[in-house]
Amino acid sequence: MPARPLFPSAGSWPSGPEEAREEQVRLAPLVRAEPLDAERVGLVAGLDVTYAPGEDRLVAAAVVLDAGTLEVVESATAVARPAFPYVPGLFAFREVPPLVEAVGKLRSAPDVFVCDGFGLAHPRRFGLACHLGVLLDRPALGVGKSPFVGTAEPPGERRGSWAPLVDGGEVVGRALRTRDGVKPVYVSVGHRTDLDGATELVLRLAPHYRLPEPIRRADRLSRDVLAGL
DNA sequence: GCGACAG
DNA sequence: ATCTTGTCGC
């Protein structure tokens with residue numbers, strides 16, 4: 001029996017930004033950093049959400065890939081209304097509910113969840129990847145397309161080079177080059193992962209494109225489903 | 001106080 | 001996030 005209601009349906013969803021920030025501060029200590037052996041990861045789930053222009057409707061997608069072949073194993077989606085407005089730093093309250101719903105429809109148990117956004121690279125060290133990882137108590141990491149908090153030197157131009165992302169004197173993630181000469185992505189720990197493992201895994205998942213394949217697949221699936229509504 | 005601010 | 005075609009470059 002859970003000590004605290006974990007899901008929105010359980011009635012603990014914040015009514016506004018203030019409560020949401022308090023919730024993040026409460027949950028942040030639950031994040032655990034653990035070594036992630038990228039070589040041993042078998043199944044990876046990519047998560048993403050697409051919003052309908054103008055309408056208050058969205059589609060969340062979870063796509064499970066074989067980390068070795070990058071073949072899609074299965075996928076699931078959820079259609080919903082945003083449960084929270086977009087506020088920088090409170091992003092997870094918008095996307096976590098539908099993402100958790102989509103993940104709940106999966107038959108497999110992915111070894112790692114790859115989120116479109118940040119983990120510890122967050123003002124309160126509790127970004128989307130932390131939030132989702134803690135709720136599911138599964139390994140999770142975040143991949144962002146633009147920096148949110150902190151600063152990083154530009155990594156070397158070659159794929160694989162990276163530079164620490166530092167915020168408030170803390171290393172909260174890495175700016176990682178996944179393609180030669182292309183703008184880096186920003187990797188951070190979500191839950192039960194570490195930066196070395198996350199970096200290695202992201203590189204493994206992004207052999208050809210800037211973004212890891214699981215996220216690209218989830219992005220495409222959520223788009224396609226939304227277009228078909 | 002002002003600007004910046006994941007998706 | 002989304003509104004938006006072609007175009008330049010590897």
Side-chain angles (χ1 to χ4, degrees), chain A residues 17-18 20-21 23-24 27-28 31 46-63 77-102 113-134 140-152 157-159 165-168 170 172-191 198 202 207-212 214-229:
Chain A
E18 322 261 316
R21 289 186 193 98
E23 176 76 344
Q24 290 179 329
L27 295 177
V31 172
L47 307 175
D48 195 22
V49 174
T50 295
Y51 296 85
E55 288 171 74
D56 57 338
R57 189 164 45 169
L58 56 80
V59 175
V63 180
T77 60
V79 181
R81 311 270 183 199
F84 212 80
Y86 171 69
V87 179
L90 302 179
F91 185 50
F93 292 93
R94 219 169 142 67
E95 300 209 340
V96 155
L99 285 174
V100 166
E101 185 183 341
F113 289 86
V114 180
C115 303
D116 190 7
F118 291 104
L120 292 176
H122 177 276
R124 287 163 295 281
R125 306 294 181 257
F126 199 71
L128 170 68
C130 296
H131 207 136
L132 189 109
V134 164
L141 61 91
V143 179
K145 298 183 280 293
S146 62
F148 180 34
V149 296
T151 54
E157 290 301 312
R158 307 292 293 181
R159 162 182 157 84
L165 178 63
V166 180
D167 180 54
E170 274 184 280
V172 295
R174 283 177 186 171
L176 172 66
R177 195 86 67 182
T178 51
R179 296 196 64 185
D180 291 357
V182 171
K183 186 163 58 146
V185 297
Y186 299 83
V187 178
S188 56
V189 166
H191 186 53
V202 168
H208 304 308
Y209 299 96
R210 177 183 177 234
L211 291 176
I215 286 183
R216 299 184 70 246
R217 307 302 293 233
D219 177 81
R220 213 166 65 175
L221 176 60
S222 57
R223 255 176 232 285
D224 290 348
V225 169
L226 182 61
L229 290 180

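Order of the sequence lines fixes the chain letters, A, B, ..., with proteins taken first and strands second; residue numbering starts at 1 for each chain.
Atom-to-atom, CG of A:Asp116 to C1' of C:dT2 comes out at 15 Å; the value is rounded to the nearest Å. Between the P atom of B:dG7 and the CZ atom of A:Phe84 lies a distance of 18 Å, rounded to the nearest Å. Following rounding to the nearest Å, A:Leu99 (CG) and B:dG7 (C1') show an atom-to-atom distance of 11 Å. Atom CG of A:Asp48 and atom C1' of C:dT2 are 13 Å apart (whole Å). Across the protein-nucleic acid pair, A:Arg179 atom CZ and C:dC10 atom C1' stand 9 Å apart, rounded to whole Å. Put simply, CZ on A:Arg210 is 21 Å from P on C:dG9, counting in whole angstrom units. In this structure, A:Phe118 places its CZ atom 12 Å from P of B:dC5, rounding to the nearest Å. Per the geometry, CG belonging to A:Leu132 stands 19 Å off P belonging to B:dA6, to the nearest Å.
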Q.
Under the criterion side-chain contact (heavy atoms from CB on, under 4.5 Å), I'd like the reasoning laid out for A:Leu47 against A:Asp116: C-alpha separation, chi angles, the key distance, then a yes or no.
A. CA-CA 6 Å; A:Leu47 307 175; A:Asp116 190 7; over 6 Å; no
Q: Could you go through the salt bridge (charged side-chain N to carboxylate O under 4.0 Å, His left out) check for A:Arg81 and A:Asp56 one step at a time?
A: CA-CA 6 Å; A:Arg81 311 270 183 199; A:Asp56 57 338; 2.9 Å; yes
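Counting only heavy atoms from C-beta outward, the side chains of A:Pro214 and A:Phe113 never approach each other to under 4.5 Å. Using a 4.5 Å cut-off on side-chain heavy atoms (C-beta onward), A:Val31 and A:Phe126 make contact.
Which of B:dG7, B:dA6, C:dT2 sits closest to the side chain of A:Leu128 comes down to B:dA6. In the set C:dT2, C:dA1, B:dA6, the nucleotide with an atom closest to the side chain of A:Arg223 is C:dT2. When distances are taken from the side chain of A:Pro53 to each of C:dC3, C:dA1, B:dC5, the shortest belongs to C:dC3.
Counted by atom type alone, A:Tyr86 and A:Glu95 present zero donor-acceptor pairs between their side chains at under 3.5 Å.
OP1 and OP2 of B:dA6 both lie 4.0 Å or more from every side-chain N or O belonging to A:Lys145. Put simply, A:Tyr86 has a side-chain N or O that comes within less than 4.0 Å of OP1 or OP2 on B:dA6. The phosphate of B:dG7 has OP1 or OP2 within less than 4.0 Å of a side-chain N or O from A:Ser146.
Using a 4.0 Å heavy-atom criterion, one finds that A:Leu226 contacts no nucleic acid atom at all. Residue A:Gly89 is classed as a base contact, given a heavy-atom separation below 4.0 Å to a base. Nucleic acid contact class of A:Pro147 (heavy atoms, under 4.0 Å, all strands): sugar-phosphate only. A:Gly127 comes within 4.0 angstrom of a base, heavy atoms only.
In this structure, the aromatic ring of A:Phe148 is positioned over the six-membered ring of the base of B:dA6, centres within 5.5 Å and planes within 30°.
Salt bridge annotation for A:Arg159-A:Asp180: absent, with no cationic side-chain nitrogen under 4.0 angstrom from a carboxylate oxygen. Look at A:Arg220 and A:Asp48 and you find no salt bridge, because none of the NZ, NE, NH1 or NH2 atoms lies under 4.0 Å from a carboxylate O.
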Q | Strand DNA chain B as a dot-bracket string - pairs counted if Watson-Crick or G-U with both distances under 3.5 Å, | where the partner lies in another strand | A | .......
